[in-house]
Amino acid sequence: MNKEIENKLINKKTKPTSIRILVYDFLSSQKVATSLSEIENHFDNADRTTIYRTLKTFEEKGIVHSIQENTTTKYKLCHDDCDEKTHKDWHLHFYCKICKQTTCKEDISLPESMETNFRIDEIRLFAKGICENCLETTFNH
Ligand SMILES: [Zn+2]
Ligand SMILES: [Zn+2]
Ligand SMILES: [Zn+2]
């Protein structure tokens, strides 16, 4: 397992230090986007600055993408096609007002190339509403 993560980090030109492996491992086990405090709570012994720096490095190297949600930033692992030059996470991010979880809706994606006379480096699409699980719970009551 660790070997696999090591290789993933090396492929993204990132030195596989132990904290980076741990954070990567934790993020890969999460289905939803996670905030710095949630990651911090998971690691009792690591300090906030170290985790924050790890996430910043991951973001620069195309390992995670961040989602700005009011005052909180959440992080989610990227796919292999993101690298240190470009993030290709051109999908909708969805925030559920009930369970307060943010998910990547990768089935709703934007066109890879749009013909414009200006250059688009990044697109952020953010939606708020009620997720499928919470909708189901609401209807079952
Ligand atoms: Zn990315
Ligand atoms: Zn929900
Ligand atoms: Zn995403």
Side-chain angles (χ1 to χ4, degrees), residues 1-44 46-141:
M1 184 61 193
N2 275 4
K3 197 75 211 158
E4 206 179 292
I5 297 175
E6 260 177 50
N7 288 334
K8 282 201 182 276
L9 292 177
I10 293 166
N11 284 341
K12 301 261 186 170
K13 301 192 176 95
T14 310
K15 201 169 159 253
T17 61
S18 53
I19 182 72
R20 286 175 185 166
I21 293 174
L22 288 172
V23 172
Y24 189 99
D25 188 34
F26 175 68
L27 288 173
S28 66
S29 67
Q30 302 300 306
K31 282 197 180 68
V32 298
T34 342
S35 69
L36 175 61
S37 344
E38 283 166 331
I39 300 168
E40 197 194 325
N41 288 342
H42 178 78
F43 299 104
D44 299 331
D47 78 336
R48 197 182 172 92
T49 323
T50 312
I51 296 173
Y52 180 74
R53 278 206 210 107
T54 304
L55 291 169
K56 280 287 145 202
T57 307
F58 278 7
E59 199 175 6
E60 280 159 22
K61 299 289 185 179
I63 298 169
V64 298
H65 57 285
S66 60
I67 305 137
Q68 196 59 42
E69 189 192 285
N70 303 325
T71 54
T72 319
T73 309
K74 289 192 174 173
Y75 300 88
K76 187 82 177 67
L77 284 187
C78 295
H79 290 293
D80 292 339
D81 57 353
C82 289
D83 57 36
E84 57 188 338
K85 286 181 207 82
T86 14
H87 275 278
K88 298 206 168 94
D89 316 282
W90 290 19
H91 51 252
L92 178 75
H93 287 112
F94 182 80
Y95 173 77
C96 174
K97 293 187 273 191
I98 295 178
C99 63
K100 314 226 181 303
Q101 290 188 326
T102 304
T103 38
C104 294
K105 298 289 183 202
E106 287 168 73
D107 42 333
I108 304 167
S109 59
L110 294 155
E112 286 276 321
S113 61
M114 277 182 273
E115 277 185 45
T116 54
N117 51 7
F118 47 89
R119 193 184 85 179
I120 300 171
D121 287 332
E122 207 184 310
I123 290 186
R124 292 183 181 226
L125 206 54
F126 188 71
K128 276 184 192 181
I130 300 168
C131 75
E132 50 273 60
N133 292 339
C134 292
L135 270 180
E136 211 174 286
T137 326
T138 316
F139 281 123
N140 287 342
H141 278 290

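Start at 1 and go down the list; that is how both ligands and their atoms are numbered. Everything numeric in this text was worked out from a predicted model, so none of it was measured. Only this structure's heavy atoms are used, side chains among them; waters, hydrogens and symmetry mates stay out.
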**Message:** Working to 10°, measure the angle at the Zn ion (ligand 3) formed by atom NE2 of H65 and atom SG of C104.
**Reply:** 110°
**Message:** Between E84 and K13 (salt bridge meaning N to carboxylate O under 4.0 Å), is one present in this structure?
**Reply:** yes
**Request:** State whether E132 and K105 are salt-bridged, where the test is any N-O pair (Lys NZ or Arg NE/NH1/NH2 against Asp/Glu carboxylate O) under 4.0 Å.
**Result:** yes
**Request:** Compute the ring centroids of F26 and H42, then answer whether they are less than 6.0 Å apart.
**Result:** yes
**Prompt:** Do the two ring centres, one from H79 and one from H87, sit under 6.0 Å apart?
**Reply:** no
**Fill in**
Taking the Zn ion (ligand 1) as the apex, SG on C82 and SG on C78 give an angle, to 10°, of 110°
**At the Zn ion (ligand 1): angle between D89 atom OD2 and H87 atom ND1, to 10 degrees** = 100°
**Request:** Take K61 and D83 through the side-chain contact (heavy atoms from CB on, under 4.5 Å) test and state the conclusion after the steps.
**Result:** CA-CA 6 Å; K61 299 289 185 179; D83 57 36; over 6 Å; no
**Asked** Are there any protein N/O/S atoms under 2.8 Å from the Zn ion (ligand 2), and if so, which?
**Response** C96 SG, C99 SG, C131 SG, C134 SG
**Request:** Might you work through the side-chain contact (heavy atoms from CB on, under 4.5 Å) test for K76 and H93, ending with a clear yes or no?
**Result:** CA-CA 10 Å; K76 187 82 177 67; H93 287 112; 5.7 Å; no
**Request:** Applying side-chain contact (heavy atoms from CB on, under 4.5 Å), run through L55 and L27 and close with a yes or a no.
**Result:** CA-CA 10 Å; L55 291 169; L27 288 173; 4.1 Å; yes
